[in-house]
> 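I have a structure I would like to understand better, so I am pasting it below and will then ask my questions one at a time.
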Amino acid sequence: MKLRLSKTISCDLLILGAGGAGLRCAAEVLEKRPGTKVVAITKVAHPQKSHTSTAQGGLAAVDPKDPVDKPVYHMFDTWKGSDCMADQNVVRKIVEAGWDEILWLENRGMHFSRDMDGRLAKRTFGGHTINFGEASAYRAVFEADRTGKGIMDTLWGEVLRGGISFIHQSMATELLFSGERCAGAMVFCQKSGEFVAIKAKAVVLAMGGCGQVFKVTTNCRQNTGDHLSLAVQAGLPVMDPEAVQFHPTGIVGPGILASETLRSVGGILRNRDLEAFMEKYAPKMRELAPRDLVARAIETEIREGKGVFNQDHSIEHVWIDLRHLPEHVHRTQIPEVASFFKKFVNVDSRKELCPIRPSNHYHMGGVPTNSDGEVLRDPQKTVPGLFAVGECACASFHGFNRLGTNSLLELITMGRFAGQKALEYLEGELPELCGDIGENTFQTFAAYLQTKGQAKVGDVREKLRALMTEKVGVFRVEGGLREAVTQIAELKAQAMEIALVTRDLAMNQELVERWELDNLLTSAMLIATGALHRKDSRGGHFREDYPQRSPDLDSHSLLYMEEFGKVKIEKKPVDMSLFNEGGPHAEKFGMIERKY
Amino acid sequence: MSDSYEITMKILRYDPSTKKRWTQQYRLQAGGILRLTDLFRKINMEQDPSLAWNSSCEHGQCGSCAVKVNGKPLLACELLVANAVKLFGINQFFIEPISVGPVVRDLIVDLEPAYGRVESLKPYIMKRKENLYGTAEYRIAPQEMESYLEATRCINCFCCATACMSGPKNFLGPNAIMASMVRVLDPREAATEQRLSVLHGPEGVRHCHTSRACSQVCPKEIDVAHYVALAKAAQTKKHRET
Ligand SMILES: Cc1cc2nc3c(=O)[nH]c(=O)nc-3n(C[C@H](O)[C@H](O)[C@H](O)COP(=O)(O)OP(=O)(O)OC[C@H]3O[C@@H](n4cnc5c(N)ncnc54)[C@H](O)[C@@H]3O)c2cc1C
Ligand code: FES
């Protein structure tokens with residue numbers, strides 16, 4: 001079978017992934033340089049269907065008019081939350097830019113919730129404090145319980161006004177280069193089944209996370225870590241892939257997020273024997289201990305055989321008990337989340353126990369960038385013309401643990417910075433592509449369509465997801481990680497034996513899932529190898545055999561994997577500029593303990 | 001926790017390479033709290049990997065998974081097996097794609113034309129009103145926002161447009177009209193007249209039969225018809241004034 005290029009198109013700026021980060025970047029360029037030809041690709045049917053639209057809680061930013069809050073407090077919270085692994089130059093830049101972004105969104109029509117005076121309302125969020133941990137900060141602006149959707153809808157409107165071109169339900173399969181410079185991408189348009197080469201003066205990766213690597217995840221179906229594959233295939237590194245965040249209360253089955261609010265209003269976690277087990281793990285804080293600690297407590301109960309098996313979804317869980325809460329709490333404080341239990345597990349939270357378990361939530365690791373969003377080739381050098389923003393990138397704002405509401409802040413600020421930097425490329429000429437354009441993509445896809453064998457996409461995928469949840473999830477240990485690495489390689493071999501039933505190209509969902517499976521395998525291999533290599537515990541990465549943070553590992557890891565399973569690791573120092581520059585609060589930005 | 005159900009799914013299929021359309025039947029045993037999207041995946045894994053369907057968030061927040069089940073447009077990721085059996089009083093479901101655009105394969109519809117109608121009504125502030133408070137942000141009283149906030153919850157799943165009696169032929173459709181009305185009611189928007197003249201134009205509210213089907217099927221329980229009615233009322237008002 002010979003696959004071929006249907007056409008080549010050219011643009012100024014190519015955005016791969018049209019979630020919040022990609023669209024904010026596009027909007028910046030269209031606003032600063034009207035008439036720029038921007039093309040944005042998205043795997044979903046329309047940008048509004050992107051993962052950003054599901055974000056609920058809010059968006060952190062310090063209002064300069066606030067009498068008590070200060071940017072330095074926000075920087076401190078982010079640094080402490082990161083378990084001392086965030087890059088401080090990035091933390092400062094993002095935090096200082098935050099409020100301007102809120103105003104930008106408000107002025108362009110986002111429907112932020114208001115207080116009685118008509119001003120932007122603010123609320124508190126876990127880990128956000130004033131005066132270096134003294135009290136909770138009112139720092140998160142929000143649009144009811146659909147802040148992400150508000151951002152997406154506003155950005156979608158703005159880029160439409162600016163004249164963007166979207167290519168929907170299509171996926172970037174390969175980065176294209178002109179020498180060292182990134183100069184475009186190959187795109188597979190699912191609906192038509194066509195392969196298109198897109199040439200551009202600058203390219204932005206904004207492809208979101210990789211949550212589908214795990215069996216239980218809050219992430220969208222299309223978050224399959226395609227960006228990690230694209231990067232390593234192009235010989236580029238991935239930074240800190242082992243830094244994965246798990247949310248303690250995913251609704252059993254798919255893992256739909258059940259907000260922290262449930263615990264803050266007094267929900268009690270119980271095991272199979274209905275014992276309130278948090279007392280054992282955090283005698284003082286109990287249910288209100290930080291996310292990672294609660295997730296580990298639940299996982300321990302399950303491992304000790306005190307979980308409950310859910311037959312429908314074939315997975316174990318524990319309970320969150322809300323039955324003792326007064327009627328008005330159910331009615332006024334948790335109506336939305338309570339409705340999720342009703343809707344997705346048919347449980348009435350006022351009368352019945354609600355089934356939950358830790359759920360993969362966010363990827364702190366990703367494609368490494370500097371504070372302008374430029375992708376790094378190695379610790380010192382950037383790739384000309386290539387940017388990465390949002391969850392797929394790792395400028396390392398979150399280090400090894402992200403605070404709630406900091407992701408939305410990151411994606412709009414970094415989107416803007418990358419857009420500003422990309423403008424420099426847009427004045428120049430369109431670079432010429434080198435090599436056989438798209439040959440890698442054609443070979444890969446032709447192989448998928450021609451392979452004969454007994455293996456099935458769904459089987460291999462579900463085996464991989466179960467393996468990752470079990471061995472590379474909340475708890476990690478040398479032996480398990482080694483087994484995981486071996487088994488991921490075995491699954492990769494099994495994947496080579498998958499025969500597809502649908503053999504034509506148009507809207508071939510099987511073909512797309514086959515390609516995504518390879519990306520899941522690559523992402524899994526990077527995460528597992530990163531976790532095996534990092535022999536200490538910090539933030540979302542917990543090694544039972546090395547439960548403490550090790551000062552020898554106070555640096556980022558860059559993983560290169562040009563051949564499957566053959567990983568080369570380099571170190572990159574953590575930027576400590578806030579600490580090094582001195583100043584009145586410098587000691588707060590040293591290697592402090594993460595105690596709450 | 002829940003019972004097991006014996007389910008029959010009859011799914012309307014379409015193959016773009018042969019242009020063939022047919023109904024295919026699948027039988028499955030399923031727990032009561034599985035969602036229809038879980039059943040589609042189960043079919044893919046256990047019986048037929050070729051069945052194509054759409055989804056993204058799989059918890060009712062993005063509108064990707066809309067299909068018609070026994071004639072009713074709804075979100076497949078929100079419908080639990082036990083609830084479906086209760087809703088329809090039967091263990092057999094006929095599933096077909098929504099009818100707002102051409103079918104690409106099986107249950108997957110090309111949303112380009114449908115979204116095109118929303119985008120043609122400019123879902124953004126066309127002309128910013130001067131900010132009278134002189135503050136960096138506009139001040140909007142919560143009561144003022146009350147008049148349109150409900151409508152901003154729309155996720156463009158096109159269930160309402162599928163149920164609409166007028167069909168998409170010359171009609172912008174209920175969700176597109178609602179999106180434009182959000183900006184008509186938004187105190188930051190200055191271009192209200194311009195918006196209303198499009199809503200009152202040849203593809204606008206005149207096609208609405210006031211059947212309220214849109215409000216009845218909305219998975220977000222938004223009273224879509226109310227916003228279409230507001231657009232109509234603006235026209236009546238203008239008519240009286242001139
Ligand atoms: C339930 C939930 C609640 C959350 N709540 C909050 C919150 O309150 N506050 C907060 O700060 N954060 C929150 N988050 C996290 C936050 O939503 C995400 O981190 C953020 O939305 C990621 O945005 P993004 O633009 O990087 O990527 P996404 O929004 O995931 O967009 C990725 C885009 O890339 C496309 N894509 C992917 N692969 C390809 C490919 N190969 N080719 C082309 N396109 C591709 C996708 O289709 C999509 O358009 C929440 C997350 C979840 C799951
Ligand atoms: S998949 Fe998002 S609404 Fe169903």
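By convention in this document, chain letters (A, B, ...) are assigned in the order of the sequence lines, proteins followed by strands, and residues within each chain are numbered from 1. Being a predicted model, the structure only gives us computed values, none of them experimental. Basis for what follows: all heavy atoms, side chains included, without hydrogens, waters or symmetry-related copies.
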> Given heavy-atom pairs under 4.5 angstrom as the criterion, report whether the side chain, backbone, both or neither of B:V103 touches chain A.
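Neither part; nothing is under 4.5 Å.
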> Considering all heavy atoms of both residues, which atom of A:N310 and which atom of B:I33 are nearest to each other, and what is their separation?
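Heavy atoms of A:N310 and B:I33 come nearest at ND2-CD1, 3.7 Å.
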> Given a strict heavy-atom distance threshold of 4.5 Å, which part of B:D106 is in contact with chain A: side chain, backbone, both, or neither?
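Interface part for B:D106: neither.
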> Most heavy-atom pairs under 4.5 angstrom with chain B, which of A:E143, A:M116, A:K43, A:E352?
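Of the options given, most contacts go to A:M116.
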> Please flag which part of A:L120 lies under 4.5 Å from any non-hydrogen atom of chain B: side chain, backbone, both or neither.
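It is both, since atoms from each part get that close.
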> In terms of heavy-atom pairs under 4.5 Å with chain B, which of A:G193, A:G150, A:C220, A:G458 leads?
A:C220
> Is there a side-chain contact between B:D15 and A:T502 (heavy atoms, below 4.5 Å)?
no
> Any idea which of A:N508, A:D459, A:D117, A:V44 has the most non-hydrogen atom pairs under 4.5 angstrom with chain B?
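Of A:N508, A:D459, A:D117, A:V44, A:D117 has the most heavy-atom pairs under 4.5 Å with chain B.
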> Under 4.5 Å heavy-atom distance to chain A, tell me which part of B:C65 shows up: side chain, backbone, both or neither.
neither
> Hey, could you give me the CH2/CD distance between A:W99 and B:E137, rounded to the nearest 0.5 Å?
6.0 Å
> Kindly say whether A:G109 contributes a backbone atom to a donor-acceptor pair with the side chain of B:R183 at under 3.5 angstrom?
yes
> Kindly check if the number of other-residue, nucleotide or ligand heavy atoms within 6.0 Å of CD (A:Q454) is above 12?
no
> Establish, from distance only, whether the side-chain atoms of B:S56 and A:R221 form a donor-acceptor pair under 3.5 Å.
no
> Indicate yes or no: does B:R188 engage A:E106 in a salt bridge with an N to O separation below 4.0 Å.
yes
> For residues B:L111 and A:A45, report the shortest heavy-atom separation together with the two atoms involved.
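Scanning both residues completely, I find the closest heavy atoms to be CD1-CB, 4.0 Å.
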> Would the number of heavy atoms belonging to other residues, nucleotides or ligands and lying under 6.0 Å from CZ of B:R128 be above 12?
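Yes, because the 6.0 Å sphere around CZ of B:R128 holds more than 12 heavy atoms from other groups.
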> Please look at A:D115 and chain B and tell me whether the side chain, the backbone, both or neither of the residue comes under 4.5 angstrom of a heavy atom of that chain.
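Contact with chain B involves the backbone of A:D115 alone.
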> So what's closer than 4.5 Å to chain A heavy atoms on B:N54: side chain, backbone, both or neither?
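Both backbone and side chain of B:N54 come within 4.5 Å of chain A.
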> Which is it for B:N156 and A:K49 under the side chain to side chain contact (heavy atoms under 4.5 Å, CB included) test, yes or no, and what are the steps along the way?
CA-CA 9 Å; B:N156 289 313; A:K49 310 315 191 200; 4.1 Å; yes
> Side chains of B:Y124 and A:V159: does their closest heavy-atom pair fall under 4.5 Å?
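The answer is no, as the side chains (C-beta and beyond) never meet within the 4.5 Å cut-off.
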> Measure the CZ-OG distance between A:R503 and B:S50 for me, rounded to the nearest 0.5 Å.
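OG of B:S50 is found 12.0 Å from CZ of A:R503.
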> Decide if atom CD of B:Q194 counts as having more than 12 heavy atoms of other residues, nucleotides or ligands within a radius under 6.0 Å.
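No, because the 6.0 Å sphere around CD of B:Q194 holds 12 heavy atoms or fewer from other groups.
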> I'd like to know if A:K343 and B:E78 make a salt bridge, using a cut-off of under 4.0 Å between side-chain N and carboxylate O.
yes
> Regarding A:K191 and B:D110, does a basic nitrogen lie under 4.0 Å from an acidic carboxylate oxygen?
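Counted as a salt bridge, because a side-chain N and a carboxylate O are separated by less than 4.0 Å.
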> Looking at chain A, which one of B:A141, B:G63, B:A82 has the largest number of heavy-atom pairs inside 4.5 Å, strictly under?
B:G63
> So how far is it from B:C62 SG to A:M152 CE, rounded to the nearest 0.5 Å?
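CE of A:M152 is found 11.0 Å from SG of B:C62.
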> Checking the side chain of A:D312 only, and the main-chain atoms of B:A30 only, is there a donor and an acceptor separated by less than 3.5 Å?
no
> Name the member of A:T154, A:V501, A:N107 that forms the most heavy-atom pairs with chain B at distances under 4.5 Å.
A:N107
> Please tell me if the side chains of A:K456 and B:M45 come closer than 4.5 Å, counting only heavy atoms from C-beta onward.
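With C-beta onward as the side chain, the pair stays apart.
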> If you define the side chain from C-beta out and look only at heavy atoms, does anything of A:K149 sit under 4.5 Å from B:Q61?
no
> Where does B:N44 contact chain A at under 4.5 Å (heavy atoms): side chain, backbone, both or neither?
side chain
> Under a 4.0 Å N-O cut-off, is there an ion pair linking B:R153 with A:D153?
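A salt bridge is absent here (no side-chain N lies under 4.0 Å from a carboxylate O).
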> Between A:R146, A:Q190, A:Q222, A:R161, which residue shows the highest count of heavy-atom pairs closer than 4.5 Å to chain B?
A:R161
> Looking only at heavy atoms and a cut-off of under 4.5 Å, which of A:K65, A:M507, A:E513 has the most pairs with chain B?
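Looking at each of A:K65, A:M507, A:E513 in turn, A:M507 comes out on top.
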> For residues B:C77 and A:F344, report the shortest heavy-atom separation together with the two atoms involved.
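So the two residues come closest at O-CE2, 3.2 Å.
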> With only heavy atoms counted, which part of B:D38 is less than 4.5 Å from chain A, the side chain, the backbone, both or neither?
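For B:D38, the side chain is the part near chain A, not the backbone.
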> Using a 6.0 Å cut-off, check whether atom CD of B:E6 has over 12 heavy atoms from anything other than its own residue.
no
> Please classify the contact of B:V182 with chain A as side chain, backbone, both or neither, using a heavy-atom distance under 4.5 Å.
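Contact with chain A involves the side chain of B:V182 alone.
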> Check whether the side chains of B:E119 and A:H46 place a donor and an acceptor atom closer than 3.5 Å, and report yes or no.
yes
> Flag the pair A:P254 / B:R35 as yes when at least one side-chain heavy-atom distance between them is below 4.5 Å, and no otherwise.
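Yes, their side chains come closer than 4.5 Å.
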> Using a cut-off of under 4.5 Å for heavy-atom pairs, which of B:L149, B:T37, B:D186, B:I155 has the most such pairs with chain A?
B:I155
> To check you understand the geometry: which heavy-atom pair defines the closest contact between A:Q169 and B:I108, and what is its length?
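In terms of heavy atoms, the two residues are closest at OE1-CG2, 4.4 Å.
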> Roughly how far apart are B:H59 NE2 and A:I251 CD1, rounded to 0.5 Å?
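One finds 8.5 Å between NE2 of B:H59 and CD1 of A:I251.
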> Rounded to the nearest 0.5 Å, what's the gap from OH on B:Y115 to CG on A:L160? Could you check?
11.0 Å
> Using non-hydrogen atoms and a 4.5 Å limit, figure out which bit of B:L79 sits close to chain A: side chain, backbone, both or neither.
neither
> Step through it carefully: locate the ring centre of B:Y148, locate the ring centre of A:H111, and say whether they are under 6.0 Å apart.
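Distance test on ring centres: under 6.0 Å, yes.
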> Need one label for B:I125: side chain, backbone, both or neither, based on atoms under 4.5 Å from any heavy atom in chain A.
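Both the backbone and the side chain of B:I125 come within 4.5 Å of chain A.
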> State the CG-CD distance between B:L51 and A:E510, to the nearest 0.5 angstrom.
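Between atom CG of B:L51 and atom CD of A:E510 there are 10.0 Å.
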> Flag yes if more than 12 heavy atoms outside B:K122 fall under 6.0 Å of its NZ atom; otherwise flag no.
no
> Given that the side chain runs from C-beta out, which part of A:F112 has a heavy atom under 4.5 Å from chain B: side chain, backbone, both or neither?
backbone
